[in-house]
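Predicted, not measured: the structure shown is a model, and the values here were computed from it. Here is the naming used below: chain letters follow the sequence lines, and residue numbers restart at 1 for every chain.
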Amino acid sequence: MQKDLESKFLLDFEQNQNIVHKVCRIYTTNRDAHNDLFQEVVIQLWKNYSKFRGDSKFSTWMYRVALNTAISLYRKSTRSIKTQDIDNFTYKIKSSDYDGTEELQLKALYAAIHKLNDIDKALIFLYLEDKPYKEISETLGITQVNARVKMNRAKEKLKNILNP
Amino acid sequence: MDLETYKKTWENQPEETNSVSKIDIYKMAHSKSSSVVKWVFILGVIELSIGVCLNLFIPDSYIEAYNDLGLKKFINYSIILNYIIIILFLIIFYKNYKAVSSTENTKRLLNNILRVRRTVKYYVYYNLTGAFIFMVIIYTTVFSNEELFIKNFNPENLEVNINTLITSTIISLIVVIILVLFIIWLFYRVTYGILLGRLKKNYKELDSLEHLN
């Protein structure tokens with residue numbers, strides 16, 4: 001039983017790991033921190049996997065656990081993010097079918113997201129991932145109305161950072 | 001620029017090139033093997049430090065008794081030799097820990113876990129046989145010299161039959177040797193035994209995972 005659960009978890013996680021990588025990218029600015037957060041998310045997911053009964057999609061549940069882990073870790077750490085870290089922030093976003101302007105835009109987007117607070121980061125991330133408000137409210141444990149209000153504020157902040 | 005444009009950019013971003021394999025995910029979720037092997041190393045270090053401390057507090061009368069036996073040199077050399085061997089074991093334990101925590105591939109991790117189990121077993125065998133040989137050498141020296149024997153085992157010079165004394169002493173010494181070895185064995189059984197048991201469980205899990213892939 002345990003064995004089946006474990007292999008299913010590994011398979012599910014392997015297929016959806018990109019979600020966690022993206023969460024790590026918005027909450028951390030260097031490779032080590034990225035890997036630490038990634039591992040922490042894996043631990044949290046596995047610890048709670050037996051409680052996950054498939055009421056929602058695995059990926060939806062993963063968004064929730066990954067963001068909550070990132071937010072609580074972010075709160076614990078007193079270290080503020082240094083701006084020069086962003087220059088080291090390469091994450092191999094170079095790709096042949098990805099042109100230069102888009103690459104610059106993506107860098108600017110990440111740099112702007114890094115300036116947001118932990119909750120706004122989560123909201124913007126879910127917006128960029130094109131999640132409906134119902135899912136956003138469930139993921140963050142707030143009402144849909146509240147999610148809309150907070151989302152509009154977060155978007156406004158992001159716009160101001162992107163277009164000063 | 002509109003946020004919708006950024007959203008497109010976001011959607012088009014390439015997938016993480018550094019994707020993590022099942023085995024890595026397993027290791028992260030459990031992060032057990034490497035911490036178990038780390039404890040093997042820490043336990044070895046603690047054991048060595050306690051041994052060194054105990055040696056510093058051996059009463060002088062003991063050392064004098066060994067001096068009478070002409071075993072002072074033997075004792076000193078064997079203590080030094082013992083430390084060298086234990087430090088070598090600790091170096092191997094440390095290397096094992098490094099190897100297990102940095103292994104990327106399941107097959108190699110399985111082999112490394114087996115190697116950890118093997119070195120710990122050798123370590124325990126070494127300690128048990130070392131203690132046995134040490135005790136045997138000391139007691140045979142005592143018995144080979146009647147004068148010394150009486151000095152050590154009948155210091156008050158009571159009226160006893162020398163043969164009865166020898167027989168009873170030999171029997172009680174055998175019991176003591178067995179008891180000491182048993183206590184050492186029990187100590188290792190509890191400490192390293194538990195750690196090795198956990199490693200064995202990890203090994204089995206990893207092994208079934210390997211067949212799965």
Considering only heavy atoms, which portion of [X] lies under 4.5 Å from any heavy atom of chain B: side chain, backbone, both, or neither?
X        : result
A/Tyr49  : neither
A/Ile124 : neither
A/Ile113 : side chain
A/Gln17  : side chain
A/Glu129 : both

Donor-acceptor under 3.5 Å (B/Tyr126 side chain, B/Ile86 main chain):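 Answer holds: no.
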So B/Lys7 and B/Glu11, salt bridge (Lys or Arg N to Asp or Glu O under 4.0 Å) or not? Walk me through it. CA-CA 6 Å; B/Lys7 200 168 171 178; B/Glu11 276 159 23; 5.4 Å; no
Please determine whether the number of non-hydrogen atoms from other residues, nucleotides or ligands lying under 6.0 Å from atom OH of B/Tyr83 exceeds 12.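 Yes, enclosed.
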Does a side-chain N-to-carboxylate-O contact under 4.0 Å join B/Lys8 and B/Glu4?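 No salt bridge links B/Lys8 with B/Glu4.
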I want to check a possible cation-pi pair here: A/Arg148 against A/Tyr133, using under 6.0 Å from ring centre and within 45° of the ring axis as the test.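 The answer is yes, since A/Arg148 meets both limits relative to A/Tyr133.
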